[in-house]
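Some notes on the structure that comes next.
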Amino acid sequence: MANNKSSKKRIEIAERNRLQNRSYKSAVRTLMKRCFTACAAYAQAPGSAAKDAVQTSLNAAFSKIDKAVKVGVLHRNTGAHQKSRLSAAVKSAVEPAAKA
């Protein structure tokens, strides 16, 4: 346990940052799942509305990932890896439908 004022303050700040980081990470995971489910829905039933949903979810996920990297919640390579996964999923969902 902290014995002086400065160490107590550091504990409080660390806890606050931990909760904020957890919130960011959770939001990133949620938006990624939404994007993957939108891609699956588009693969099942292609249409302009489904394609718009895929693009909207991709943009939201990219934005949240970029913000998390900027704030320091995620490492930049982790953010790049997640964005790459999302892009590959969207491309595989959209491109076969465009060729067919």
Side-chain angles (χ1 to χ4, degrees):
M1 185 60 199
N3 290 324
N4 56 20
K5 192 174 179 181
S6 62
S7 58
K8 288 178 185 175
K9 184 175 179 181
R10 292 307 315 166
I11 289 171
E12 290 171 2
I13 291 170
E15 180 64 15
R16 183 191 69 205
N17 291 343
R18 184 185 73 84
L19 294 174
Q20 288 174 343
N21 291 347
R22 191 173 73 174
S23 172
Y24 255 103
K25 287 180 184 180
S26 175
V28 167
R29 282 193 299 265
T30 301
L31 290 171
M32 286 183 69
K33 286 178 190 174
R34 279 190 197 154
C35 188
F36 289 134
T37 55
C39 288
Y42 179 77
Q44 292 293 324
S48 62
K51 192 169 188 176
D52 290 340
V54 169
Q55 194 60 43
T56 304
S57 64
L58 181 71
N59 290 342
F62 269 31
S63 176
K64 188 57 103 170
I65 290 169
D66 288 338
K67 287 177 186 173
V69 168
K70 186 174 92 173
V71 171
V73 175
L74 296 177
H75 191 272
R76 65 173 188 253
N77 291 350
T78 304
H81 181 234
Q82 290 175 343
K83 287 168 66 172
S84 176
R85 278 184 60 206
L86 288 170
S87 296
V90 169
K91 186 175 180 182
S92 67
V94 173
E95 290 297 321
K99 291 179 184 176

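Side-chain atoms are counted along with the backbone in the values below, which use heavy atoms only and exclude waters and symmetry mates.
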Mind listing the closest non-hydrogen atom pair of S7 and A2 along with its distance? OG-CB, 3.3 Å

Minimum heavy-atom separation for S87 to F62, with atom names? OG-CZ, 3.3 Å

Filter on side chain to side chain donor-acceptor pair (under 3.5 Å), then keep only pairs touching residues 64-78, sequence neighbours left out; what's left? D66-K83

For C35 against V90, the heavy-atom pair lying closest together: SG-CG2, 3.9 Å

Looking at R18 and E15, is there a salt bridge between them, counting it only when a charged N and a carboxylate O are closer than 4.0 Å? yes

When you measure from the side chain of S26 to the backbone N and O of S23, does any donor-acceptor pair fall under 3.5 Å? no

Any side-chain heavy-atom pair of K8 and N4 under 4.5 Å: no

For R16, all residues meeting salt bridge (charged side-chain N to carboxylate O under 4.0 Å, His left out), sequence neighbours excluded: none

Contact summary for A68 and V28, nearest pair of heavy atoms: CB-CG2, 4.3 Å

If you round to the nearest 0.5 Å, how far is OG of S84 from NZ of K91? 10.5 Å

Run the numbers on Q82 and L74 for side-chain contact (heavy atoms from CB on, under 4.5 Å), then give the verdict. CA-CA 10 Å; Q82 290 175 343; L74 296 177; 3.6 Å; yes

side-chain contact (heavy atoms from CB on, under 4.5 Å) between I65 and L86, worked out: CA-CA 11 Å; I65 290 169; L86 288 170; 3.9 Å; yes

Give, for atom CG of L58 and atom CE of M32, the distance between the pair rounded to the nearest 0.5 Å. 10.5 Å

Would you call L31 and S57 a side-chain contact if the rule is heavy atoms closer than 4.5 Å? no

Residues forming a side-chain hydrogen bond (donor to acceptor under 3.5 Å, both in side chains) with Q55, sequence neighbours excluded: N59

